[in-house]
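The structure under discussion appears below in the form of structure tokens.
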Number of protein chains: 2
Amino acid sequence: MSGVDRSQEFRRGPVGPRTRAYEEVLNRIEERITADGLTVGDRLPGERQLAEQLQVSRSSVREALRALATLGVVSSQVGRGPDAGAVLTSRPDSALTDLLRLNLGLSTLSMREVVDTRLMIEQWAVAHAARDGEGALDEMARAIAAMDAATTPEEFVEHDIAFHMAIAAASGNRLTSAIMRALRDAVRRYAIDAVLRLGDTADLQADHRRIHSAVTEGDAAASVAAVTEHLARAYPG
Amino acid sequence: MSGVDRSQEFRRGPVGPRTRAYEEVLNRIEERITADGLTVGDRLPGERQLAEQLQVSRSSVREALRALATLGVVSSQVGRGPDAGAVLTSRPDSALTDLLRLNLGLSTLSMREVVDTRLMIEQWAVAHAARDGEGALDEMARAIAAMDAATTPEEFVEHDIAFHMAIAAASGNRLTSAIMRALRDAVRRYAIDAVLRLGDTADLQADHRRIHSAVTEGDAAASVAAVTEHLARAYPG
DNA sequence: TGACCAAATATGGTCTGACCATACACCCGG
DNA sequence: CCGGGTGTATGGTCAGACCATATTTGGTCA
């Protein structure tokens with residue numbers, strides 16, 4: 001015989017809502033973040049220490065930390081020192097990307113919905129950029145040049161993403177930028193196939209140049225129109 | 001002495017990128033989803049079986065499944081039978097909500113950015129609804145009536161969310177709806193405080209009725225204007 | 001034969017304790 | 001003062017056990 005009879009612990013009330021241990025840990029950590037005003041860069045206690053504090057096993061703590069890591073708010077480093085352990089971060093981009101990619105894989109979201117969402121963000125962002133987004137012009141021009149120099153669809157798409165991310169970044173809104181980034185990363189494969197299908201990138205580049213010109217001239221309406229036509233060309237249907 | 005010396009296993013190439021075991025499991029499961037065309041409702045093998053197939057410990061499998069559950073693509077039920085075990089699902093809403101809430105808690109995203117994003121979606125959705133969203137009118141009217149009857153800020157906000165979700169749903173785009181839902185859920189507390197601060201909900205309800213009228217008449221421009229003014233009132237600054 | 005109840009069983013959930021690889025901290029000698 | 005060796009805290013992984021739950025199975029009784 002080994003182990004301890006634990007069958008009578010954690011009885012709360014007549015019906016006990018059956019909170020999983022790792023969820024309890026999750027909530028406690030979130031509480032601590034908001035209550036103690038923890039912010040990016042701060043360290044959480046070690047897994048063993050958290051386990052003792054919360055009276056759960058290290059496995060449960062690890063599952064909770066894994067969930068937080070998946071949401072992009074903690075990042076664990078091994079070893080020792082000030083940078084080791086679970087550190088609070090904030091990487092909504094990769095988390096959003098995974099979320100979209102996997103849900104697309106289960107075909108609960110259609111490509112049409114993703115493209116339409118992208119169109120919404122891009123119209124909104126380019127209108128902002130046309131009004132006061134001079135900072136993005138250089139980045140956009142560089143991306144266009146890099147696309148001209150690209151020799152493979154993969155390379156082209158890489159810089160295409162950079163071009164459109166420059167527009168999104170010009171809006172100054174990190175949330176829409178993160179969503180945009182996640183959308184592009186999640187459908188990267190699809191975009192490469194689209195370039196292959198078109199065969200020629202001249203039309204796409206002409207669109208890019210029109211967008212760049214319209215933003216340069218500060219013409220919001222023309223910018224929106226150019227972006228709309230561009231996406232209609234890239235994702236017909 | 002117990003255990004087995006494993007120090008020489010998993011050496012691949014000169015520099016081995018040190019893939020964590022649970023990431024390997026994650027990739028394998030994702031592969032299986034796309035390759036085998038698994039879809040919502042299908043079951044994954046049990047944790048013990050997966051562990052044996054992939055030659056890792058059950059803990060690593062569990063961490064991978066926990067990550068997938070956090071992204072809203074699997075859901076685990078205990079017990080036995082066809083519905084037990086890890087089942088593929090697709091709940092982007094709750095995953096998005098957690099993602100936003102936690103990243104907001106770390107103040108990497110400002111409330112301004114969230115509200116602006118919401119404005120973007122809502123303008124886009126209400127324009128769609130005005131064009132062909134008659135299905136949403138009843139739902140909107142019901143929510144307005146429920147807000148009239150609400151006695152607490154919490155209750156009011158609950159139906160306010162329902163009102164705006166009806167608009168989002170009318171767009172027919174599940175991705176934007178999911179983002180909208182996540183935005184509202186993540187800032188629910190903030191919205192309740194806003195209602196308390198305003199003290200009176202008459203102006204908000206007047207806005208809601210204007211939006212409903214504009215959508216009823218199919219006037220997209222008026223709908224967008226009404227939504228814009230509504231959000232400016234609710235979240236000044 | 002059919003309905004009902006009890007045992008077997010498969011599943012996720014949790015715990016314990018161990019070992020490994022890593023990377024900084026510390027100390028000691030030159 | 002500096003360089004290297006050792007100590008040690010940290011996450012990563014594993015193995016094995018037990019628990020709670022829910023279905024399946026099979027037997028018993030009406």
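Numbers restart at 1 for each chain; the letters A, B, ... are given by sequence-line order, proteins then strands. Since the model is a prediction, treat every value here as computed from it, not as a measurement.
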Here the distance between atom P of C:dG12 and atom CG of B:Asp83, to the nearest Å, is 13 Å
Between CD of B:Gln55 and P of D:dC14 the distance, given in whole Å, is 9 Å
Please determine whether any donor N or O and acceptor N or O are separated by less than 3.5 Å between the side chain of A:Arg62 and the base of D:dG11. no
Taking C:dC15, D:dG11, D:dC14 as options, the one with an atom nearest any side-chain atom of B:Ala21 is D:dC14
Please determine if a side-chain N or O atom of A:Arg80 lies less than 4.0 Å away from the OP1 or OP2 oxygen of C:dC26. no
Atom OH of B:Tyr22 and atom P of D:dC14 are separated, to the nearest Å, by 14 Å
In whole angstroms, the gap separating P of D:dA9 from CD of A:Glu52 amounts to 14 Å
- Would you indicate, yes or no, if D:dC14 has its OP1 or OP2 atom less than 4.0 angstrom from a side-chain nitrogen or oxygen of B:Ser60? yes
For B:Gln77, which contact category applies under a 4.0 Å heavy-atom criterion: base, sugar-phosphate, or nothing?
sugar-phosphate
- prompt: Which is true for B:Gly81 with a 4.0 Å heavy-atom rule: it touches a base, it touches only sugar-phosphate, or it touches nothing?
  reply: sugar-phosphate
Here the distance between atom P of C:dT16 and atom CD of A:Glu47, to the nearest Å, is 15 Å
To the nearest angstrom, the CZ-P distance between B:Arg48 and D:dA17 comes to 12 Å
Separation of D:dG12 atom C1' from B:Leu26 atom CG, nearest Å, is 15 Å
#### Entry: Distance flag, aromatic centroids of B:His164 and B:His208, threshold under 6.0 Å
yes
Does C:dT11 have OP1 or OP2 sitting under 4.0 Å from an N or O in the side chain of B:Ser76?
no
*asked:* Strictly below 4.0 Å: does A:Arg58 bring a side-chain N or O up to OP1 or OP2 of C:dA18?
replied: no
Among D:dC14, C:dT11, C:dC15, the one nearest any side-chain atom of A:Ser57 is C:dC15
| said: Donor-acceptor check, side chain of A:Thr201 to backbone of A:Leu204, threshold 3.5 angstrom: yes or no? | reply: no
Here the gap from B:Ser57 atom OG to B:Arg62 atom CZ, rounded to the nearest 0.5 Å, amounts to 11.0 Å
note: B:Gln49, atom CD; C:dA10, atom P; distance rounded to Å ~ 12 Å
Looking at B:Arg20 and D:dG11, is any side-chain donor or acceptor paired with a base atom of the opposite kind under 3.5 Å? no
Closest of C:dT11, D:dT10, C:dA25 to the A:Pro82 side chain is C:dA25
Fill in: Side chain B:Ser60, main chain B:Val56, donor-acceptor under 3.5 Å
no
I'd like to know if the side chain of A:Glu63 reaches the main chain of B:Glu63, judged simply by a donor and an acceptor atom lying under 3.5 Å from each other, with no hydrogens or angles considered. no
